[in-house]
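Single-structure report; data block below.
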Amino acid sequence: MLQLSVIRQNPALVKERLAVKHFAETSIVDEIVSLDDELRKLKQETEDTQSKIKKLSEQIGALLKNKQAEEANAAKKEVEPLKNQLASSQEKLNNTEKKLNDLLIKLPNLPSEKVPRGKTPEDNEVVKEGGEKPKLHAGAAPHWELAKKYKLIDFELGNKVTGSGFPFYTGQGAKLQRALIQYFLDFNIAAGYAEYVPPFVVNQDSAFGTGQLPDKEGQMYHVTEDDLYLIPTAEVPVTNIYRNEIIKETDLPVKMTAYTPCFRREAGSYGKDVRGLNRLHQFDKVELVQLVDPAKSYDALDEMVSHVEKLVQSLGLPYRILRLCGGDMSFASALTYDFEVFSTAQEKWLEVSSVSNFESYQTNRMKIRFRNASGKSQLVHSLNGSSLALPRILASLLENNQTEQGIDIPGPVRKYFGSDVIR
RNA sequence: GGAGAGAUGCCAGAGUGGUUGAAUGGGACGGUCUCGAAAACCGUUGUACGGGCAACUGUACCGAGGGUUCGAAUCCCUCUCUCUCCGCCA
């Protein structure tokens, strides 16, 4: 969530920035400012009363030690009305605090200066295009047909065992999936990211910390019996590793990578986009997370974008990088770059990575801080990005690399896959 | 799942109602000493929020949430987690 101090210092600027995200309820900002004023007054009031009670209690203690029972009783009488007063101002304080918090949670992160204006995906800015779109032979097939032809993925079997959106990867398909994961992880580790295998379910606090709750509750699978959520991305458990921690400045930047399956209910999204591997309820992804000094977070973002770009390039896929417009970016993000690869047989761009700087939006919820040079604790900035989401990479790879003889495996993946081609 | 024990500062570990934000030891940091280092000695060593230009100051925090009391780390209740034993099991 946004830092209260930012809102207090410049409510007008906050409103102006929120407009870029097409966030309409700007009156919330004014409400927050006035609730904050009220909160400080109540706090002062409460603390004054507490202070008085504390002093009297100390006196009572001293009196009793001196066996001055009568004086002690008199002092006790004095405390009584103060306690009533305390109870009532404390109740007001709690109510105000809760109201303030509820409103604070409703505000999305402020978009950075670089975010293009605009409302829909068409307004996203293409900042770069790379790679070659291949010319496919006549009769080239979309990936779901190739998957069937080479027995790589069994969608029907997934339907039978679980339901739609939960495919089986079989034989060479399973092996290719595993090879890609391992290649991606090694690529990240070589760039200084520490590998984790996190839990695939998280508790409420963690889901709240990265912004999935309360905003995107319907997006996650909820294990009600234990009140746990299946992770929609490794970002959730991995970023939460540092929840409520103060990181040593010398340990920054913290760079982490993790492979996990991701579970998304995708409620209400059916139709043409869900064909084949395009949109699944369970998919594999290798994720990057960084926790950095706030002064360096945009450099870190650039570095992550270029890291992911190198990875995509190494696979030889045609790609483009988009800077998301205010209307298309996520609630918690300040600036997001999406990577899309071209799926030649479908003639469609598929999103395979989303790299974002969340500034202090997540870390303020999670209280992830570091101690700065002057000894003060300060929120770090959090960033994350996919490197990469497997199914759409697989889809694009199958389609773009198909020949009449088989499917070519990209150079760097061959040693993991153990072969140059799928036949 | 059953029985028992426990949760205190960076760590270990005292503290069972009254100057306890918390003994003691270790670690870390600063200093003295040294050519340098070790040892020894001295000192410092929490977080959050509020007030103040600042020195400073108020409040809260001893797993979490409630309660008893003039006063709670300390007593009571609920929850969570950890450990030991038994059961089950990849």
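The sequence lines fix the lettering, A, B, ..., with proteins before strands; numbering per chain opens at 1.
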Taking any strand in view, what nucleotide pairs with B:A90 in a Watson-Crick or G-U wobble way, both distances under 3.5 Å? none
Over how many whole Å does the gap from A:L86 atom CG to B:G71 atom C1' extend? 13 Å
When both hydrogen-bonding distances must be under 3.5 Å and the geometry is Watson-Crick or G-U wobble, what is B:U80 paired with, if anything? B:A7
Relative to A:F208, does A:R365 satisfy both conditions: NZ or CZ under 6.0 angstrom from the six-membered ring centre, and within 45 degrees of the ring's axis? yes
To the nearest Å, give me how far apart CG (A:N203) and P (B:U80) are. 13 Å
Check whether any side-chain N or O of A:R40 sits under 4.0 Å from OP1 or OP2 of B:C49, and answer yes or no. no
Both distances under 3.5 Å, Watson-Crick or G-U wobble: report the partner of B:C85, or none. B:G2
How far does the P atom of B:G15 sit from the matching atom of B:U74, given to the nearest Å? 15 Å
Please measure how far the C1' atom in B:G17 lies from the corresponding atom in B:G13, and state the result in whole Å. 22 Å
Closest listed nucleotide, where the reference is the side chain of A:K83 and the choices are B:A48, B:G71, B:U59: B:G71
Salt-bridge criterion met for A:R279 and A:E266 (N-O under 4.0 Å): yes
If you only use heavy atoms from C-beta on, which nucleotide in B:U59, B:C70, B:U47 is closest to the side chain of A:I246? B:U47
Under 4.0 Å between any heavy atoms, over every strand shown, what does A:E58 touch: base, sugar-phosphate, or nothing? Just pick one. nothing
Which base sits across from B:A39 as a Watson-Crick or G-U pair, both distances under 3.5 Å? none
Determine which nucleotide pairs with B:C75, using a 3.5 Å limit on both distances of a Watson-Crick or G-U wobble pair. B:G67
How far does the C1' atom of B:G46 sit from the matching atom of B:A3, given to the nearest Å? 38 Å
Base, sugar-phosphate alone, or nothing: which one does A:K77 contact when heavy atoms must sit under 4.0 Å apart? nothing
With rounding to whole Å, what would you report as the distance between B:G67 and B:A72 at their P atoms? 12 Å
Just to be sure I understand the rule, does A:I60 reach a base, reach only the sugar-phosphate, or reach nothing, if contact means heavy atoms closer than 4.0 Å? base
